[in-house]
Amino acid sequence: MNRLRRKACVALLLFTLFIFGTMMGLRTLKPTDGFSDLAPGMELMPLVGERMDQRPNRVAESAGQNGGVGSDTKIVFSNSGPDHSIFYDIHIFYYLWYGSPQMDGSYIHWDHVLVPHWDPKIASSHPKGRHSPPDDIASSYYPELGPYSSRDPDVIESHMAQIEAAAAGVVVLSWYPPGVADEHGKPTEDLVPAVMDAAHKHSIKVAFHLQPYKGRTDLNVHDNIKYIIDKYGTHRAFYRFKSSAGKILPLFYVYDSYLTPPETWAELLSVRGSHSLRGTPYDGIFIALIVEERHKQDILAGGFDGMYTYFASNGFSFGSSHQNWKAIKAFCDKNNLLFVPSAGPGYVDTAVRPWNNHNTRNRVNGRYYETSLQAAMSIRPDIITVTSFNEWHEGTQIERAVPKKTVARLYLDYKPHQPDHYLELTRKWAEHFSKEKEQWLM
């Protein structure tokens with residue numbers, strides 16, 4: 001009898017432990033866990049710098065208006081009517097580097113080269129050469145507009161209409177100085193006025209995504225900021241952000257900021273810097289890219305106002321891994337910095353990096369995107385960025401795509417959903433984000 005009792009007690013104990021373990025597992029489940037079978041990404045090498053203490057006040061509220069004085073409005077109604085609202089705390093990365101023979105004399109970026117791996121042994125086992133549009137483009141998806149030119153006014157208008165439909169209030173424009181371009185493209189700075197005019201028609205604001213270029217230093221970034229504010233600062237589409245101190249300042253995202261040492265950035269962004277922008281007509285909110293964990297301290301030391309993650313491949317880097325966002329947000333809150341997480345619909349860049357399939361993130365018919373947006377929203381950020389509207393090379397676009405099959409290629413598409421599926425999901429979550437923020441403030 002005692003033996004039976006002991007067996008029953010042991011069985012009950014094991015069952016209790018099983019239930020406890022199950023409940024704890026469910027309790028700690030993160031949005032990323034649904035995609036835990038996806039491999040982490042490659043390591044990226046950061047730079048290390050010294051800590052500095054001069055900090056401007058943290059920014060806290062989004063302002064969709066122009067000028068030094070404005071309300072705290074986060075939602076405005078578009079020209080299309082009261083059912084089409086725009087949310088200025090949803091920012092979306094936008095690219096102007098595409099070209100077509102009709103508008104540019106040749107295809108640009110759609111014919112991108114197949115980038116070889118840095119290891120010759122790995123490179124030798126993958127295809128080489130470049131793409132041949134219009135049937136063979138440098139993307140795993142095919143745009144509804146075809147391999148378009150960013151110079152086409154009809155394309156720009158279509159893009160702004162799509163972004164308005166997605167309810168994203170701020171276009172973050174990939175920007176190079178006049179006469180400068182990425183290594184595969186041509187200069188596009190002359191297109192900025194057309195984008196800003198089209199954006200304004202749709203009640204959209206424009207911020208600038210400062211891209212790295214050969215010889216970029218704190219001194220020429222100073223000149224870049226001055227150029228942008230002098231040329232575009234009075235445009236009604238120019239985006240400004242309201243700080244907790246009540247100042248309304250332009251907001252700039254600085255891509256690959258880690259390529260410049262923090263002590264160099266501090267000369268530009270700290271109050272005591274030798275050519276500081278702080279307190280001048282060219283002051284702003286400067287958001288650095290966090291890739292590796294140690295970049296947190298570098299960004300703080302450099303005098304930046306916050307950090308963003310950009311990459312849409314969960315697990316690719318420390319910054320882009322959803323599971324790290326809570327800790328990054330805590331660091332930013334402690335140090336009066338903004339944390340701006342970047343959500344994306346998926347990732348696939350094998351059309352340009354054929355060896356990089358381990359960083360592919362399947363869209364799962366929109367589930368990956370919604371998981372990413374939920375992860376971003378769960379940390380209660382001031383702003384969420386979307387990567388991207390039209391980075392077709394890396395398959396992060398939410399722009400309308402269509403099914404296409406050629407003799408040589410079968411493109412991915414958004415089926416079983418319609419071409420505007422990711423625009424609709426963006427609007428859904430933008431509205432949800434706005435409602436959640438109202439609850440946070442109560």
Side-chain angles (χ1 to χ4, degrees), residues 62-68 70 73 75-81 84-100 102-104 108-109 143-145 148-181 185-211 224-241 248-253 282 284 385-386 388-391 397-400 423 426:
S62 180
Q65 64 281 349
N66 181 42
T73 302
I75 307 171
V76 297
F77 291 112
S78 74
N79 299 329
S80 300
H84 279 226
S85 50
I86 293 289
F87 300 89
Y88 292 112
D89 44 17
I90 300 293
H91 297 188
I92 188 164
F93 295 110
Y94 182 78
Y95 293 87
L96 274 175
W97 55 27
Y98 301 107
S100 69
Q102 295 79 8
M103 299 294 297
D104 306 272
I108 304 172
H109 265 270
E144 183 181 65
L145 296 174
Y148 54 76
S149 170
S150 296
R151 293 187 174 277
D152 189 335
D154 293 337
V155 168
I156 296 173
E157 169 60 27
S158 173
H159 285 175
M160 295 305 119
Q162 290 182 55
I163 292 169
E164 180 190 26
V170 179
V171 163
V172 183
L173 188 62
S174 180
W175 187 85
Y176 291 89
V180 181
K186 294 181 180 180
T188 58
E189 206 285 326
D190 61 309
L191 299 180
V192 175
V195 173
M196 297 190 78
D197 289 346
H200 179 63
K201 285 174 55 182
H202 293 272
S203 300
I204 294 167
K205 304 299 177 183
V206 177
F208 289 79
H209 196 189
L210 306 183
Q211 296 296 320
N224 297 160
I225 298 298
K226 185 177 185 298
Y227 174 89
I228 290 170
I229 293 176
D230 284 346
K231 186 166 184 178
Y232 304 117
T234 59
H235 197 289
R236 295 178 70 184
F238 189 75
Y239 177 70
R240 287 178 169 87
F241 193 93
I248 297 178
L249 297 171
L251 187 146
F252 299 93
Y253 293 90
Y282 304 105
T385 51
V386 174
S388 63
F389 178 74
N390 65 338
E391 218 297 6
Q397 80 290 335
I398 66 166
E399 183 181 354
R400 293 169 64 96
L423 304 175
T426 306

Chemist: Please round to the nearest 0.5 Å and tell me the distance separating atom CD of E164 and atom OG of S85.
Modeler: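 Going from CD on E164 over to OG on S85, the span is 9.5 Å.
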
Chemist: Might you point out which heavy atoms bring M103 and P153 nearest each other, and give the distance in Å?
Modeler: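 It is CE-CD, 4.3 Å.
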
Chemist: Provide the closest heavy-atom pair for A181 versus P187 in the form atom of the first, atom of the second, distance.
Modeler: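 So the minimum-distance heavy-atom pair works out to CB-N, 3.4 Å.
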
Chemist: Testing the basics here: between Y98 and D104, what is the closest heavy-atom pair and its distance to 0.1 Å?
Modeler: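 The pair with the smallest heavy-atom distance is O-OD2, 4.4 Å.
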
Chemist: I would like to know whether H200 and V206 meet side chain to side chain contact (heavy atoms under 4.5 Å, CB included); could you show each step before the answer?
Modeler: CA-CA 9 Å; H200 179 63; V206 177; over 6 Å; no

Chemist: Using the test ring pair (Phe, Tyr, Trp, His ring centres under 6.0 Å), find all partners of Y95 that sit at least two apart in sequence or belong to another chain.
Modeler: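 For Y95, the residues satisfying ring pair (Phe, Tyr, Trp, His ring centres under 6.0 Å) (neighbours in sequence not counted) are W97.
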
Chemist: Tell me, do F93 and H209 make a side-chain contact under 4.5 Å, heavy atoms counted?
Modeler: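 The answer is yes; the side chains approach within 4.5 Å.
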
Chemist: Taking the side chain from H202 and the backbone from I204, do they hold a donor-acceptor pair closer than 3.5 Å?
Modeler: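 Checked: no pair found.
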
Chemist: Anything under 3.5 Å between a donor and an acceptor, one on a side chain of residues 166-180, the other on a protein residue two or more places apart or in another chain? List them.
Modeler:
| unit_1 | atom_1 | unit_2 | atom_2 | d |
| --- | --- | --- | --- | --- |
| S174 | OG | Q211 | NE2 | 3.3 |
| W175 | NE1 | E189 | OE2 | 3.3 |

Chemist: Between CG of N390 and CD1 of I92, what distance do you get to the nearest 0.5 Å?
Modeler: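 So the gap between those two atoms works out to 8.0 Å.
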
Chemist: Locate the shortest heavy-atom distance separating I229 from P250; write the atom from each residue and the value.
Modeler: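 So the two residues come closest at CD1-CG, 4.0 Å.
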
Chemist: Are any of the side-chain heavy atoms of Y148 and D154 separated by less than 4.5 Å?
Modeler: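 Heavy-atom side-chain distance check fails, nothing below 4.5 Å.
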
Chemist: So which atom in E399 and which in H159 form the shortest heavy-atom distance, rounded to 0.1 Å?
Modeler: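 Shortest heavy-atom separation between E399 and H159 comes out as OE2-NE2, 2.9 Å.
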
Chemist: What is the ring orientation for F208 with Y232, classed by angle as parallel under 30°, tilted 30 to 60°, or perpendicular over 60°?
Modeler: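 Rings of F208 and Y232: parallel, under 30°.
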
Chemist: Check whether any side-chain heavy atom of R240 lies under 4.5 Å from a side-chain heavy atom of K205, and answer yes or no.
Modeler: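 They are not in side-chain contact.
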
Chemist: Does any part of the side chain of I228, heavy atoms only, come nearer than 4.5 Å to the side chain of V192, both counted from C-beta?
Modeler: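 The answer is no, as the side chains (C-beta and beyond) never meet within the 4.5 Å cut-off.
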
Chemist: Could you tell me whether the side chains of D230 and Y282 share a donor-acceptor contact shorter than 3.5 Å?
Modeler: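 A donor-acceptor contact under 3.5 Å links the two side chains.
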
Chemist: Search all heavy atoms of Y253 against all heavy atoms of H91 and return the closest pair with its distance.
Modeler: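 Of all heavy-atom pairs spanning Y253 and H91, the closest is OH-ND1, 2.8 Å.
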
Chemist: To the nearest 0.5 Å, how far apart are CZ in F389 and CE in M160?
Modeler: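 Rounded to the nearest 0.5 Å, the CZ-CE separation comes to 7.0 Å.
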
Chemist: Measuring from H109:NE2 to S150:OG, what's the distance to the nearest 0.5 Å?
Modeler: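 Reported value, rounded in 0.5 Å steps: 9.0 Å.
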
Chemist: How long is the straight-line distance from CD1 of I156 back to CG of L96, given to the nearest 0.5 Å?
Modeler: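 Output value for this atom pair is 6.5 Å.
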
Chemist: Knowing that exactly one of L249, L251, D89 qualifies, which makes a side-chain contact (heavy atoms from CB on, under 4.5 Å) with F241?
Modeler: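 Exactly one candidate clears the test, L251.
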
Chemist: Are the side chains of R400 and Q162 in contact, using a 4.5 Å heavy-atom criterion?
Modeler: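 They are in side-chain contact.
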
